[in-house]
Every structure is written in structure tokens, then in C-alpha cells.
> 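Sharing a structure with you now.
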Amino acid sequence: MEQISISEESYNKLLEAIFPIITANGLKATTMDGVAASLSMSKRTLYEIFGSKSEMLSAVIHYFHDRHKKVVERIFLTSNSVMEAIYRALLINKKAMREFSVEFFRDMDSYYKELRDLYESESNCWNEKMMYAINLGVEQGVFRQDVNYPITLRMMSIQMESLKRMEEFFPPDVKLQDALDTIIVGFLRSIASPKGMEILDDIRKKEICID
């Protein structure tokens, strides 16, 4: 089937509309029929735009990471300190994690391993930007020098995804959001210098006051 071209704006709007369908249903349960019906468009048109379900999924994952990257870049431009920027970026990651169903991750492992590679590759780009920010924080005396940051940052990402996978086994009094908040604050406290700890505590106090 010959693919058609649409404007970048229309294409991005389509990806925005497909994204919550995929994250809610998972990769395997998402079908071209289901997406077309949800968007009130023909399956033929969907195939003419993407060519296949696999191409559609890849496009959506890439778009999600690109959008996420731009949000994080804005955070670093508008934050008062490296500590504040990383804290806000991790909160954005927490919000993103809540959007994905556990089936999304399980499907990447079992049925769409090529998408797992894409997801990991895009995530690694995010980690590289975080490493740059952390190194800057070390130079500014906000973060400690005696930390293996590549491993620590990688373990942080694994913890957040692992918690999402385990959400169904949480006791009733433990919520995913609270668990992710605990990991984020614990991570930052573990790498913060005394100067960085003061900044983090001040940020947290202001956040509580706003709430």
C-alpha cells in the first residue's frame, strides 16, 4: 500500500492522539483497527500514513522521547539551580512513568524487543543529558564527587521502571506516586553535598507550601 504524506503538524497531532492509546493498552493489545476506531478514521488511512503497526509504534515512542527531551530542556533553561532542574526533570519522569501501563513494558520484553532497543536508546540520550547536568553540579559543589554517577543514574532508571512493573503487588496503603517520590528524594539526597542538601530542602519546603 502506497504511503501518503501529511503535514508535520497533522502528523504530530496524530502521534499525540495515538500515544495514550498505546500507553493504556500496551503494545500487543493495540491494533490498527482499535486505533482507527478510537480516532474515528479508517484503518486504510492509518496504514497509508504509517505503513505498518510496527512503524506506528516506533514513531510514537520516538515522538514521546523527543517531546520529553524538549520539556526537560525547558526545565533546565528556567530553573534557578542545577539541583532544582534535576529535581523537576525527575518529577517529569515520574509523571511519564504513571502514563505507561505495566503491559507496555512487558510487551516490549516479550513481543516487541526491537522497540525495547529503541526505548533504551532514547532513554540513554536522556541519561547523557542528566550526566552533563550532574557533572556541572559537581563543579558547582552541589553534588558529591565520590559517586559513580553512570551506575547510580542507571540504577535510578531501573528502579523507577521496576516499581511500575510491581505496582499491582503494592499493599493498599502504598501508592506508586509516593514510592516514586521516595526514590527521587532519596536519590538526590544520596548524591547531594551539604550545599546541595540545603537547596533541595528549600525546594521541597516551597513545594509543600504550594500544595
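Basis for what follows: all heavy atoms, side chains included, without hydrogens, waters or symmetry-related copies. It should be emphasised that the depicted structure is a prediction, and the values quoted were computed from it without experimental measurement. In this chain, numbering begins with 1 at the start of the sequence shown.
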> With a 6.0 Å cut-off on ring centres, are F50 and Y11 close enough?
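So the answer is yes for these two rings.
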> Provide the full list of side-chain hydrogen bond (donor to acceptor under 3.5 Å, both in side chains) pairs with a residue in residues 187-196, sequence neighbours left out, each pair given once.
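Pairs touching residues 187-196 that pass the test: R189-D201.
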> Among all residues two or more places apart in sequence or in another chain, which pass the ring-ring contact (aromatic ring centres under 6.0 Å, His included) test with Y119?
H65, F105
> Pairs in or reaching into residues 136-168: which pass ring-ring contact (aromatic ring centres under 6.0 Å, His included), with residues at least two apart or in two chains?
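Pairs touching residues 136-168 that pass the test: none.
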> Taking side chain to side chain contact (heavy atoms under 4.5 Å, CB included) as the test, write out the residues that go with E198, two or more places apart.
none
> Go through the structure and list residues passing salt bridge (charged side-chain N to carboxylate O under 4.0 Å, His left out) with E84, not counting sequence neighbours.
R88
> Can you name the side chain to side chain contact (heavy atoms under 4.5 Å, CB included) partners of E8, sequence neighbours left out?
N12
> What ring-ring contact (aromatic ring centres under 6.0 Å, His included) pairs are there with at least one residue in residues 161-206, not counting sequence neighbours?
none
> Quick one: ring-ring contact (aromatic ring centres under 6.0 Å, His included) pairs with a partner in residues 14-46, sequence neighbours left out?
F19-F64, F19-F100
> With sequence neighbours excluded, what pairs up with S121 under the side chain to side chain contact (heavy atoms under 4.5 Å, CB included) test?
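None.
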> Which other residues end up in the same hydrophobic cluster as V71, if Ile, Leu, Val, Met, Phe, Trp and Tyr are linked when side-chain heavy atoms come under 4.5 Å apart?
I75, I92
> Without placing hydrogens or testing angles, list every side-chain donor-acceptor pair under 3.5 Å for residues 172-183, not counting sequence neighbours.
{"residue": "K175", "atom": "NZ", "partner": "P172", "partner atom": "O", "Å": "3.3"}
{"residue": "D181", "atom": "OD1", "partner": "K94", "partner atom": "NZ", "Å": "2.8"}
{"residue": "T182", "atom": "OG1", "partner": "D178", "partner atom": "O", "Å": "2.9"}

> Test: salt bridge (charged side-chain N to carboxylate O under 4.0 Å, His left out). Region: residues 147-162. Which pairs qualify, not counting sequence neighbours?
R116-E161, E120-R154, E161-R165
> Is any NZ, NE, NH1 or NH2 atom of the basic residue among K13 and E9 found under 4.0 Å from an Asp or Glu carboxylate oxygen of the other?
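Salt bridge: yes.
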